[in-house]
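A short worksheet on the structure shown next.
Residue numbering restarts at 1 for every chain, and letters A, B, ... go by the order of the sequence lines.
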2 protein chains.
Amino acid sequence: MQLRSHDHNKCIEAAVNAARDICHRRETRFTPLRCKVLELVWNSHAPVSAYELLDMLSQEGRKRAAPPTIYRALDFLIEEGLVHRLESLNAFIGCPDPAHKHQGHFLICRTCRTVTEVNDKKLIARLTKAARLQGYSCETSMVEIVGLCVECQN
Amino acid sequence: MQLRSHDHNKCIEAAVNAARDICHRRETRFTPLRCKVLELVWNSHAPVSAYELLDMLSQEGRKRAAPPTIYRALDFLIEEGLVHRLESLNAFIGCPDPAHKHQGHFLICRTCRTVTEVNDKKLIARLTKAARLQGYSCETSMVEIVGLCVECQN
DNA sequence: TTTTTTATGATATGTTATATCTTCTCTTTC
DNA sequence: GAAAGAGAAGATATAACATATCATAAAAAA
Ligand SMILES: [Zn+2]
Ligand SMILES: [Zn+2]
Ligand SMILES: [Zn+2]
Ligand SMILES: [Zn+2]
């Protein structure tokens, strides 16, 4: 999914609506703070750090929040599969397909920082196999591929 | 490569000898400090953090070193492919095959913390393909798989 | 030897994340 | 509706991870 020009408000709205729906079905609490943080995460298709989110939250008219505020909200959103953490960037990004829980795998453009989530069955199969060949089980897998996106290759 | 009982001094010695050799061929400087840090990284087959290395270094009779000391040594060792960084653990581990530079992929046991490096051709091929399917190039890839090692499955 | 380069030491600070205790809010029970 | 309980958010402090910058030392080059 590339950025190009698109109505990003729709992206945000869709993400929030999906989240509300999912949490309602699971009977977990999609509170105003958690909703606000999810919106902020979805401010762009680029990953955002916890402290950037804190700054954004402060500029929303609220009084300055402390780090635990944002980390707790992120913990919830990650637990519900609404947000993923990018280990190599210490940053967070909204999941475009939160309905079914999964471990996200990511393509990161080193130039424009756009991140695309992939869900490649054959890749997952190969990860499992590579582990099994060494006698390991594969419970979760973190995959972050850095390269150039379509746009930046030109 | 599993741990079980083995003569770990041989592991350390082999790693240091290989490093000395590689740096000599490349005409890069395998200084006493860098050698010491490599030895400390190889103290076990589990990942070790930068600050743990600092503590270990202090207990070697040297006066307390400052963080840049260890980070600079690690930067060198990583650049030379002698050590890899585990992004999801903020930790470092010795490379068992430093002769040929490569991006390491890792199996991490969530119980005993043992880490095994894998170099799976088919996995690398699939990572490249998954990226290309989205129009991305694949320059480097971080793969960290968490599960249980052979020992811990029993 | 003098100059230049590279490595290390030292100090300060920046960035990311968590522990802990308190307060608030909402729900349940009486 | 009041009391009790559970979960969320606020507040404060601190831990854990990492880098910028300038000074000094050691090694290599001229
Ligand atoms: Zn968008
Ligand atoms: Zn996802
Ligand atoms: Zn060993
Ligand atoms: Zn390796």
Side-chain angles (χ1 to χ4, degrees), chain A residues 19-20 23-24 26-41 46-80 82-93 113 142 144, chain B residues 19-20 23-41 46-58 60-80 82-93 113 142 144:
Chain A
R20 202 184 317 278
C23 292
H24 183 253
R26 292 179 189 157
E27 298 185 51
T28 55
R29 295 168 60 184
F30 192 59
T31 64
L33 177 66
R34 289 163 177 177
C35 180
K36 186 75 229 171
V37 172
L38 184 64
E39 277 177 33
L40 293 174
V41 167
V48 59
S49 79
Y51 280 75
E52 283 167 351
L53 288 168
L54 262 181
D55 291 342
M56 291 156 92
L57 200 56
S58 298
Q59 284 159 18
E60 294 281 329
R62 300 175 182 253
K63 89 196 284 188
R64 178 88 191 170
T69 299
I70 214 78
Y71 280 103
R72 283 190 291 230
L74 285 170
D75 285 348
F76 173 86
L77 296 171
I78 290 167
E79 177 64 28
E80 295 296 332
L82 301 166
V83 164
H84 296 297
R85 177 184 163 83
L86 290 157
E87 297 293 344
S88 67
L89 300 175
N90 292 332
F92 305 86
I93 193 156
R113 289 180 50 88
M142 284 151 286
E144 295 171 21
Chain B
R20 200 184 320 278
C23 292
H24 182 255
R25 276 206 299 272
R26 293 181 189 156
E27 299 186 50
T28 55
R29 294 168 60 185
F30 192 58
T31 65
L33 176 65
R34 290 163 177 177
C35 180
K36 185 76 229 168
V37 172
L38 184 64
E39 276 177 34
L40 293 174
V41 167
V48 59
S49 78
Y51 280 74
E52 284 167 352
L53 288 169
L54 262 181
D55 291 343
M56 292 157 93
L57 200 57
S58 298
E60 293 281 329
R62 298 175 184 254
K63 88 194 288 188
R64 178 87 190 170
T69 299
I70 213 78
Y71 281 103
R72 282 189 292 227
L74 286 170
D75 285 348
F76 173 86
L77 296 171
I78 289 168
E79 177 64 28
E80 295 296 331
L82 302 165
V83 164
H84 296 297
R85 177 184 165 84
L86 291 156
E87 296 292 345
S88 67
L89 300 174
N90 292 333
F92 304 86
I93 193 155
R113 289 181 49 89
M142 183 218 80
E144 295 175 18

A:Arg64 side chain near A:Asp55 side chain, heavy-atom distance below 4.5 Å
yes
What is the distance from CD1 of A:Ile70 to C1' of D:dT12, rounded to the nearest Å?
18 Å
Quick check for you: among D:dG10, D:dA9, D:dA18, whose closest atom lies nearest to any side-chain atom of B:Ala50?
D:dA18
Looking across every strand, which nucleic acid part, if any, lies under 4.0 Å from B:Arg64 by heavy atom: base, sugar-phosphate, or nothing?
nothing
Think B:Ser49 has a side-chain N or O under 4.0 angstrom from the OP1 or OP2 of D:dA16?
no
Check side chain to side chain contact (heavy atoms under 4.5 Å, CB included) between B:Ala50 and all other residues, then give those that pass, not counting sequence neighbours.
B:Ile70, B:Tyr71, B:Leu74, B:Phe92
Please report the closest heavy-atom contact between A:Met56 and A:Val48, naming both atoms and the distance.
SD-CG2, 4.2 Å
Atom-pair distance (CZ on A:Phe30; C1' on D:dA8), nearest Å:
15 Å
I'd like to check the salt bridge (Lys or Arg N to Asp or Glu O under 4.0 Å) partners of A:Arg85; sequence neighbours left out, ordered by chain and number.
A:Glu87
With sequence neighbours excluded, residues passing side chain to side chain donor-acceptor pair (under 3.5 Å) with B:Glu60:
B:Lys36
Return the value, rounded to whole Å, for the distance between atom CG of A:Leu57 and atom P of D:dG10.
8 Å
Can you give one letter per nucleotide of nucleotides 19-30 of chain D, going 5' to 3': B for a protein heavy atom under 4.0 Å from the base, S for sugar-phosphate only, - for none?
BBB-----S---
Rounded to whole angstrom units, what separation is found between the CD atom of A:Glu80 and the C1' atom of D:dG7?
14 Å
Residue list, side chain to side chain contact (heavy atoms under 4.5 Å, CB included) with A:Arg20, at least two apart or on another chain:
A:Val16, A:Asn17, A:Phe30
Quick one: A:Arg34 CZ to D:dA8 C1', roughly how many Å, whole number?
6 Å
Side chain to side chain donor-acceptor pair (under 3.5 Å) against B:Arg26, all qualifying residues, sequence neighbours excluded
B:Glu80
How many Å lie between CG on B:Asp55 and P on D:dC17, as a whole number?
10 Å
Could you check how far CD of A:Glu27 sits from C1' of D:dA6, rounded to whole Å?
16 Å
Leading and trailing nucleotides of DNA chain C with any atom under 4.0 Å from heavy atoms of chain B:
C:dT6 to C:dT11
Partners of B:Asp75 by salt bridge (Lys or Arg N to Asp or Glu O under 4.0 Å), sequence neighbours excluded?
none
Restricting to side chain to side chain contact (heavy atoms under 4.5 Å, CB included), what partner residues turn up for B:Ala65, sequence neighbours left out?
B:Leu54, B:Leu57, B:Thr69
